[in-house]
Number of protein chains: 2
Amino acid sequence: MADYEQLRLNNQLCFPLYVCAKEVVRKYKPLLDELDLTYTQYITMMAMWEHEQLSAKELGAILYLDSGTLTPVLKTLEKKGFVVRQRSKDDERSLILSLTPSGKNLQDKAASVPEAMMKCIDMSLDDLHTLHKLLHKFMDTSLK
Amino acid sequence: MADYEQLRLNNQLCFPLYVCAKEVVRKYKPLLDELDLTYTQYITMMAMWEHEQLSAKELGAILYLDSGTLTPVLKTLEKKGFVVRQRSKDDERSLILSLTPSGKNLQDKAASVPEAMMKCIDMSLDDLHTLHKLLHKFMDTSLK
DNA sequence: ACAAGATAAATTGTGCACAATTCAATTTTA
DNA sequence: TAAAATTGAATTGTGCACAATTTATCTTGT
């Protein structure tokens with residue numbers, strides 16, 4: 001008689017990962033509403049603030065998102081006036097993304113978001129650091 | 001001149017959480033295709049295997065999902081013949097969920113999934129255990 | 001007993017997320 | 001160098017995920 005111990009939700013690694021990710025994104029919502037950004041748009045803008053200019057392909061590699069997801073997100077960000085989409089002169093297949101002044105300015109408003117989020121999280125810095133390190137290890141070793 | 005250090009993707013906790021969750025669910029896909037289940041349907045079935053019978057409200061509390069998500073998922077699982085949806089006699093508002101024989105049998109096939117997933121994950125058991133513990137701590141302390 | 005409030009699902013609308021396919025531009029190769 | 005293969009975005013279709021609203025049922029207070 002099998003007890004299927006491995007199939008219990010509490011014994012899964014993926015389930016808490018899935019729940020934490022979802023719920024943290026939900027925590028972001030009221031903060032990001034102030035910036036008129038969804039979470040996906042927010043991480044897209046973070047990548048843009050770091051890189052100033054990059055192709056859609058490079059962006060997808062950074063964010064782990066494919067064109068099916070990014071194409072509509074980028075069109076929305078363009079419509080909001082934060083991002084410019086233009087084809088590369090060198091290679092017409094490539095879509096080059098850059099920030100508008102409005103998109104650059106948004107970084108000032110966004111600067112308070114990480115701090116506000118930290119206030120919601122009631123764990124020691126030590127635990128948070130360990131968690132951060134293990135998630136990156138997980139990404140690097142298991143998500144190829 | 002601000003350097004916006006806190007806004008860098010690599011310094012965020014949420015971003016690796018979001019990526020790991022997404023990518024792990026993607027890893028599940030070929031395994032769950034064998035069972036004709038999506039990931040959301042899979043965790044729903046896991047909750048059913050554990051509880052045999054429960055209300056939609058209880059299921060939502062277990063899975064951290066609201067009726068907007070669960071209603072269509074449960075209708076799909078009913079259409080696939082794994083789950084029965086019926087109103088409670090005591091309280092017509094409540095939706096009582098139970099497994100069909102086919103839904104129960106599916107547990108046998110599902111039993112190999114956790115093991116197969118573990119083979120994809122190239123981290124020490126120690127690290128996995130720590131990660132698991134920290135995610136639960138995070139859920140318990142920060143997601144109220 | 002009945003109106004007012006609370007509760008449980010369902011519905012509606014928006015925005016991802018991804019697989020699979022398509023299309024156009026570029027590169028490779030016979 | 002022309003056909004074949006590859007590449008980068010866009011498109012199409014399916015399935016969540018959640019906020020907000022609606023509907024039906026139940027509970028509570030008078």
Roughly how bent is the helix from C:dA1-D:dT30 to C:dA30-D:dT1 end to end, in steps of 10 degrees, with each end axis from five pairs? 10°
Output, in order, the C-alpha distance, side-chain angles, deciding distance and verdict of salt bridge (Lys or Arg N to Asp or Glu O under 4.0 Å) for B:Arg85 and B:Glu78. CA-CA 7 Å; B:Arg85 295 160 68 249; B:Glu78 184 176 52; 3.3 Å; yes
Could you tell me how the ring of B:Tyr39 sits relative to the ring of B:Tyr28: parallel (under 30°), tilted (30 to 60°) or perpendicular (over 60°)? tilted
Could you state the atom-to-atom distance from CD of B:Gln86 to P of C:dA9 in whole Å? 13 Å
With a 4.0 Å cutoff (strictly under), does any side-chain N or O of B:Lys57 reach OP1 or OP2 of C:dA10? no
Return the value, rounded to whole Å, for the distance between atom CG of A:Leu74 and atom C1' of C:dG15. 14 Å
With a cut-off of 6.0 Å (strictly less than), are more than 12 heavy atoms of other residues, nucleotides or ligands near NE2 of A:His129? no
For residues 87-94 of chain B, which residues have at least one heavy atom under 4.0 Å from DNA chain C? B:Arg87, B:Arg93, B:Ser94
With no hydrogens and no angle check, do the side chains of A:Gln6 and A:Asn11 hold a donor and an acceptor under 3.5 Å apart? no
Got a sec: does the NZ of B:Lys137 have more than 12 other heavy atoms crowding it under 6.0 Å? no
Value in whole Å for how far the P atom of D:dA24 lies from CG of B:Leu95: 16 Å
With the sugar-phosphate defined as primed atoms, P, OP1 and OP2, and the base as all remaining atoms, what B/S/- string results for nucleotides 16-22 of chain D, 5' to 3', for protein heavy atoms under 4.0 Å? SBBB---
Is the backbone of B:Glu34 close enough, under 3.5 Å, to the side chain of B:Lys109 for a donor and an acceptor to pair up by distance? yes
Using whole Å, report how far CD1 of A:Ile96 lies from P of D:dA9. 8 Å
Is the NZ atom of B:Lys22 crowded by more than 12 outside heavy atoms at less than 6.0 Å? yes
Mark yes or no for whether B:His51, through its side chain, and B:Ala47, through its backbone, hold a donor-acceptor pair below 3.5 Å. yes
How about A:Met46 and A:Gln107: do any of their side-chain heavy atoms sit closer than 4.5 Å? no
Rounded to the nearest angstrom, tell me the gap between atom CD in B:Glu78 and atom C1' in C:dA10. 14 Å
With a 4.5 Å limit on heavy-atom distance, are the side chains of B:Pro16 and A:Met139 in contact? yes
I'd like to know if the side chain of B:Lys57 and the backbone of B:Ser94 have a donor-acceptor N/O pair within less than 3.5 Å. no
